[in-house]
Every structure is written in C-alpha cells, then in structure tokens.
Protein chains: 2
Amino acid sequence: MSQTVDRALSILPLLAEGPADLGQVAERLGVHKSTALRLLRTLHEHGLVYRQSDQRYRLGARLFALAQEAVENLDVREIAHPHLVRLNEQCGHTVHLAVHEEGEVLYIDKVESRYPVRMYSRIGKPVAITVAAVAKLLLADLPEPERRTLAEKLDYPMYTSRSIPNAPAFLRELEKVRDQGWATDLGGHEESINCVAAPIRGTDGRVVAAMSVSAPNVVVTADELLTLLPLVRRTADAISGEYSGRTPAKESSS
Amino acid sequence: MSQTVDRALSILPLLAEGPADLGQVAERLGVHKSTALRLLRTLHEHGLVYRQSDQRYRLGARLFALAQEAVENLDVREIAHPHLVRLNEQCGHTVHLAVHEEGEVLYIDKVESRYPVRMYSRIGKPVAITVAAVAKLLLADLPEPERRTLAEKLDYPMYTSRSIPNAPAFLRELEKVRDQGWATDLGGHEESINCVAAPIRGTDGRVVAAMSVSAPNVVVTADELLTLLPLVRRTADAISGEYSGRTPAKESSS
DNA sequence: AATGACTGTTGCATATATTGCAACGACCCT
DNA sequence: AGGGTCGTTGCAATATATGCAACAGTCATT
C-alpha cells in the first residue's frame, strides 16, 4: 500500500463532510501544511476536489462524471453471467436474466436447462410482460404513476386460464411482488411451465435487472420449484452486491 | 504535485471506461505491473475500486457514495430545488439546474417533464458546452481573458445545422447573452429541442448557477416556449434572492 | 496607517517511501 | 507434463515525498 496515495484519498471522505481549508485538512491528516497542499493540488488537477471562491476545498465535479460514466458502462450481463451458470449447475433448470427498457422487458441472457426439454425463449426477445415473473419484478419497481400508465396501456392476452386478465389485477400483483421481494409465474404463460424470480438491485436500491429459474411440470412440481427460492434470492443478492461494487469485506485493517 | 497520487488517480477515468485487469492498467499507466498492483490495492482499501469475481477491477461503491454526498452538499442545489419543482408544476416541462466548474458545465439537478422528482439519471453529466443555454449564461459571466482562452480551447461539434460553429461566433453569442441577461438554445443541440434559460446570481452579482426549461417542438413551438421567459427569469431571481440571503427563504416578493 | 496574526505558498536538504526487477506460485490450455 | 499467462512478494537502489523555515498576501485590530 502506498502511503502517499493513502493520505490523498483520505482527504475525500473528509471533504465529503463539508468544505475545509488547508489548515484543517493538514491537521486531520496529521501532516505538514505543505504536504497537504501538494496532495490537494494533485487531487485538484484530476478534478476530484474543487476550490471554491473562499479558497476552501470541496469535492469536485469529476466525481459525478466518473460515477456517471461508470454506471453507463456497467454491464449487468457480464457480471451476472458466472452467477447464472453456477445457479444452473446447482439446480439444473433454465436460468434467465432480463431488463426493462422503454416499456418492454427483454431477456438479455440465458443458461439452458440440462434436462432434455425445450423452452422457446430467445435472448433479446421481449417477454410476455403481463405474466412473466421477471417482468413483474421489473415493473413493480417503477414509480407509481408510470407503473399505472404502463399497466393501462398493455394488452392482457389470456395465454392460459391463469394469465393475469386486466390492469387492476396486474397492479395488485405488482404491489404484492414489490412487498415480498420476489415473484413467480405458475402456468400463466404456458400451462406446464413455472418460474420463480428475484430482483437485482443497483447502488441506489432500484431494480436494474431480474433473474428467474424456469422448469416444466414434468420435471418438478411448482412446490418443488418454490423450494429453490432461497437459492435464487441468494444468487440475485450476490449479483446485486457485485454490481453495486460492495466489497466482500476481505481484510479491513491496514 | 505528487507523482504517486497522480498515477493512482489516473486509474479512475481508465476504469470508468470499463473493467480492466492488472496488465491493462499497468500498460496504460506506463508502469510496472507490481507498481500498478500496489496502487490498485490502495484504491481498493478506500473502496474507490472494486475487484469483481473474474479478478478484474472496476470503480467501487464508495465513489458513488462520494459523488452523491458531493452533489447534496451543493447549497445552491438545495435552495433551488423547491423553486424548480414549482416551475415544473406551472409549465410542465423539464427543468434543469447547472453550474460551471473547471471548464465544464454540469447538470446538478433536474425535474422531469412528467414524473415528479428523484431522477438522478443524467445529473452529473457534462453538458454540450458550446450550445446549451445554461452554458452560455455561465461562461458569459467569466472575466474577458478567461472567457476568450476557454472559447478558443473548446471544440465546436456541429450537433445540428444551428450549432454554434466556432470560437468567434461563440464569443459574440456570449456577449449578447451577457447583455440581455438570458439565453436560449433553439435546436442547437438536438433539432427538435428548444431551451430557455436564466442566471442565478450570488451576493456579488456573479453568476453561480443557471437554470433552464426545455421542451421538444412537438409539444410547444419555440415561440410558445419563449413566452415562458418572464416566468423563468422570475424563478431564477427568486432563487438568487434566497441564495444571496436577501429574501428570508419563505416567500418571494413579486 | 501601521502592526500583527493568519493562511497559503515556495525552495531545499534529508530520509523515507516508491519503484522496477526477478523469481515464485497459481491457473488454464494444448 | 509442459508452456503460457496472470497475479503476487522480497529486496536493493534511487527517485520521491516530506518537513522545515522563510516569504507573501489578506484581513482585522490598534
């Protein structure tokens, strides 16, 4: 570990508390003023700190820009994929990853079942938005007005007798899903297929993706599939943790 | 300035582009792998960098937390926010708040056209500095030499046929904006989008922030948008009054 | 106005901390 | 097994950061 960098970076959380002048920074770092000055200058050149008109320092603009650029370049699929594979190895069923985009819900990754049964879903294809478990999770997280507007704009095709029939029923289902933090689709899309799904969340707690495990009745019953729920949720949480950059707490003392 | 810190900080924008492994970081820094490793470790201890499961590095959660804190500590934003919301309620369009920092202009708050608050999505992103109405206001207030230097350092991308093409034209526009005390962007960034903006001033009369109302042609014509100018200016003046402590922060005299 | 106290800034010699090297271990693929 | 890549560690050399002391600017006080 580098002492110089360590000191420089310690300035950032310090300034997060509020603006501070050179003397205060030097004192709280336990270094000479000239040292603090040079560290601050370096941070300044990188735009991480900003010098306001009263000469005090505060956190700088490039912090926003960096955070912004980072989230834009974050690829959920890339991070999630190994987790999906591992989940598939553990349970053997088809695993899906989906995101919400412009009123549609799309599968963006899929690990095929190891049982010899086919399920026609294609990566990049919109899902049955009114019944799919992943869709419920993604839409349940939308702000109230947007959710309602969308729900009323949708068609509610009766794929099966258990498909969700209309907007009010859909909105009720979304409420339930949002409260419990997971979702299912028990024969709502195809009679013989059940799904259980869990949400993947970003730093701010908003749902950025959803994943599901799907299996036909002939392989496992709905009840049996539901026993996988803890595993699915654990996997989703692991992906959330990694996606939002929470460190897995290896060692903390320096 | 500190070489070690300089190198360490150079890693951040590099990782903002996307995850990278140790070798890539070392190469792009132009240092030995062991050096890069030690720098990354220090960044990691401060949570600015996260190591994902494939051992590659990406930006960490603490960076997002810092950016969040930094944006919340901007007092202009805090004071302005309720005014922006009220303006949005009155006209229904998207309202932006922006500041100038180190040659960049960034949005620090935004009230969405249809949905109320809580959209942090584009906040923190640098604006198109040569065409945005808020950028014109902020740069027009700079002292002469600084303004000229900056104008000549900028690129002038032709987003549309009405984008400002070069430094002389930009400086002329800034003069005009400074004299009239407000600014517009009529299709200079995106063909179908118009903006009207007004400055927010501190005690000393200097422009500390700028706000704008934006709307697409399909909703209101440019002429119709311009009728909002008095309202926008009154809102900006109210914020100025409160920010500089003239108005007791409750009701503005009209 | 002059003085004094305060803060930020610079040049420099010293010693400390960082660097690159080379060797090691782990892992993957052929 | 063997060759390749990638991350990691101990060590010596030297480049680099540090603290000091002196300087300059600003503001309030007398």
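Since the structure is predicted, the reported quantities are computational estimates derived from the model, not experimental observations. Every chain is numbered from 1, with letters handed out A, B, ... down the list of sequences.
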Ring center gap for B:Tyr156 and B:Phe170 short of 6.0 angstrom:
yes
Per-helix bend value, the helix from C:dA1-D:dT30 to C:dT30-D:dA1, C1' rotation axes over five pairs per end, 10° rounding, shows 40°
Taking only residues two or more places apart in sequence or in another chain, which ones pass ring-ring contact (aromatic ring centres under 6.0 Å, His included) with B:Phe64?
none
Is there a donor on the side chain of A:Arg38 or the base of D:dG19 sitting less than 3.5 Å from an acceptor on the other?
yes
In this structure, how many angstroms lie between the [atom2] atom of [N] and the [atom1] atom of [X], rounded?
{"X": "A:Asp21", "N": "C:dT7", "atom1": "CG", "atom2": "P", "value": "7 Å"}
{"X": "A:Leu22", "N": "C:dT10", "atom1": "CG", "atom2": "P", "value": "12 Å"}
{"X": "B:Tyr57", "N": "D:dC6", "atom1": "OH", "atom2": "P", "value": "14 Å"}
{"X": "A:Leu37", "N": "D:dT18", "atom1": "CG", "atom2": "P", "value": "12 Å"}
{"X": "B:Leu39", "N": "D:dT16", "atom1": "CG", "atom2": "C1'", "value": "14 Å"}
{"X": "A:Gln24", "N": "C:dT7", "atom1": "CD", "atom2": "C1'", "value": "11 Å"}

Scan side-chain atoms only and decide if A:Asp185 and A:Asn194 contain a donor-acceptor pair under the 3.5 Å cut-off.
no
Distance-only side-chain donor-acceptor flag, B:His96 / B:Asp109, under 3.5 Å:
no
Strand-adjacent residues in residues 26-35 of chain B, judged by heavy atoms under 4.0 Å from DNA chain C
B:Val31, B:His32, B:Ser34, B:Thr35
Qualifying residues under side chain to side chain donor-acceptor pair (under 3.5 Å), relative to [X], sequence neighbours excluded:
{"X": "A:Arg38", "value": "A:Ser34"}
{"X": "B:Glu17", "value": "B:Arg28"}
{"X": "B:Arg41", "value": "none"}
{"X": "A:Arg234", "value": "none"}

In a table with atom names and distances, give each donor-acceptor pair under 3.5 Å that connects a side chain of residues 132-141 of chain B to protein atoms at least two apart or in another chain.
from: B:Lys136; atom 1: NZ; to: B:Glu173; atom 2: OE2; distance (Å): 3.1
from: B:Lys136; atom 1: NZ; to: B:Thr184; atom 2: O; distance (Å): 2.7
from: B:Asp141; atom 1: OD2; to: B:Val207; atom 2: N; distance (Å): 3.0

Salt bridge (Lys or Arg N to Asp or Glu O under 4.0 Å) partners of B:Glu175, counting only residues at least two apart:
B:Arg147, B:Arg178
For B:Arg172, give me all partners under salt bridge (Lys or Arg N to Asp or Glu O under 4.0 Å), at least two apart in sequence or on another chain.
none
Please answer whether the main-chain N or O of A:Leu66 pairs with a side-chain N or O of A:Glu69 as donor and acceptor at a distance below 3.5 Å.
no
For a quick check of understanding: with a heavy-atom distance under 4.0 Å over all strands, which category does B:Arg41 fall into, base, sugar-phosphate or nothing?
sugar-phosphate
Are there any protein N/O atoms within less than 3.5 Å of an N/O atom in nucleotides 3-5 of chain D, and if so, which ones and at what distance?
none

Just do the side chain to side chain contact (heavy atoms under 4.5 Å, CB included) check on A:Lys110 and A:Leu97 with the steps written out, would you?
CA-CA 6 Å; A:Lys110 176 185 185 180; A:Leu97 181 70; over 6 Å; no
Nucleic acid contacts - residues 2-13 of chain B versus DNA chain D, non-hydrogen atoms under 4.0 Å:
B:Ser2, B:Gln3, B:Thr4
